[in-house]
Amino acid sequence: MISITLLQDIVDYGVIGLLGFMSFITLFFWIERLLFYRALKISHYTYKEKLEMDVTNHVHILSTFGSNAPYIGLLGTVCGIIITFYTMGQSGQIDVKTIMSSLALALKATAMGLVVAIPAIFFYNHLVRKIEKILMCWDIAKQSGTDENTSL
């Protein structure tokens with residue numbers, strides 16, 4: 001059977017590790033998309049659908065991480081609270097200092113979830129606006145009959 005301290009470490013490091021990984025991936029894809037948009041030549045696209053497929057690639061990851069990171073953090077907090085209550089029940093002692101410090105440590109997972117979610121949603125909204133501008137520039141270029149890039 002798994003010891004309670006091992007289970008607590010798995011919950012703590014697993015949730016915080018997953019959220020840290022999500023934060024890194026979020027930042028990576030935001031920067032990758034910005035670099036792609038900077039190098040993009042809309043005049044190379046004949047079909048708007050192909051342009052739209054290329055500019056929206058990987059953007060869904062930011063939205064997914066932004067919307068799910070708080071829930072992953074909350075899951076870590078709930079598991080931490082359950083482990084705290086289980087430990088209190090097994091020991092039979094109610095020490096206010098131990099309870100409060102354990103609950104405060106459990107809440108760090110929720111805070112980390114918010115730290116990941118807020119920038120992810122910001123990055124997602126930023127990229128969605130850039131995508132709208134790129135698609136509008138393609139429409140303008142095709143309507144005016146020019147094949148040059150308009151300022152993005």
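These numbers come from the heavy atoms of this one structure, side chains and all, not from hydrogens, waters or symmetry mates.
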Atom of Arg33, atom of Asn57 and distance for their closest heavy-atom approach: CD-O, 3.1 Å

Closest non-hydrogen atom pair, Gly66 against Ala117: O-CB, 3.3 Å

Verify same cluster id: Phe24, Tyr13 (apolar side-chain graph, 4.5 Å): no

Leu35-Leu27 co-clustered via ILVMFWY side chain contacts under 4.5 Å: yes

Minimal non-hydrogen separation, Thr110 against Leu74, with atom names: OG1-CA, 3.8 Å

Shared hydrophobic cluster, Phe28 / Ile121 (ILVMFWY, side-chain heavy atoms < 4.5 Å): no

Leu62 CG to Phe123 CZ distance, which is reported to the nearest 0.5 Å: 8.5 Å

Closest non-hydrogen atom pair between Val116 and Ser23, with its separation: CG2-CB, 3.9 Å

Ring pair (Phe, Tyr, Trp, His ring centres under 6.0 Å) partners for Phe29, two or more places apart: His58

Heavy-atom side-chain proximity of Asp54 to Lys50 below 4.5 angstrom: yes

Separation of Tyr45 OH from Ile134 CD1 (nearest 0.5 Å): 9.0 Å

Audit row: Ile4, Leu7, side chain to side chain contact (heavy atoms under 4.5 Å, CB included) steps and yes/no: CA-CA 5 Å; Ile4 198 69; Leu7 187 60; 4.3 Å; yes

Closest approach of Leu19 to Ala69 (non-hydrogen atoms, all atoms of both residues): CD2-O, 3.7 Å

ILVMFWY cluster, Ile118 and Ile25 together (side-chain gap under 4.5 Å): no

Distance (rounded to the nearest 0.5 Å) between Phe65 CZ and Met22 CE: 5.0 Å

For Val11, the option from Ile83, Leu75, Val78 that meets side-chain contact (heavy atoms from CB on, under 4.5 Å): Ile83

Atom pair CG/CD1 of Leu18 and Ile72 - distance to nearest 0.5 Å: 4.5 Å

Side chain to side chain contact (heavy atoms under 4.5 Å, CB included) assessment of Asn125 paired with Arg129: CA-CA 6 Å; Asn125 288 333; Arg129 178 62 188 143; over 6 Å; no

Test side chain to side chain contact (heavy atoms under 4.5 Å, CB included) applied to Tyr124 and Thr26, step by step: CA-CA 9 Å; Tyr124 172 77; Thr26 297; over 6 Å; no

Thr56 side chain reached by Leu127 side chain, heavy atoms, under 4.5 Å: no

Shared hydrophobic cluster, Leu103 / Val96 (ILVMFWY, side-chain heavy atoms < 4.5 Å): yes

Trace of the side chain to side chain contact (heavy atoms under 4.5 Å, CB included) decision for Met112 with Val15: CA-CA 9 Å; Met112 183 66 177; Val15 169; over 6 Å; no

Phe21 CZ: over 12 foreign heavy atoms closer than 6.0 Å: no

Minimum heavy-atom distance Tyr37-Val55, with the two atoms named: OH-O, 2.5 Å

Interatomic distance, Lys48 atom NZ to Asp139 atom CG [nearest 0.5 angstrom]: 3.5 Å

Sidechain-backbone polar pair: Trp30 side chain, His126 backbone, donor-acceptor under 3.5 Å: no

Approximate separation, where rounding is to 0.5 Å, of Cys137 SG and Lys142 NZ: 13.0 Å

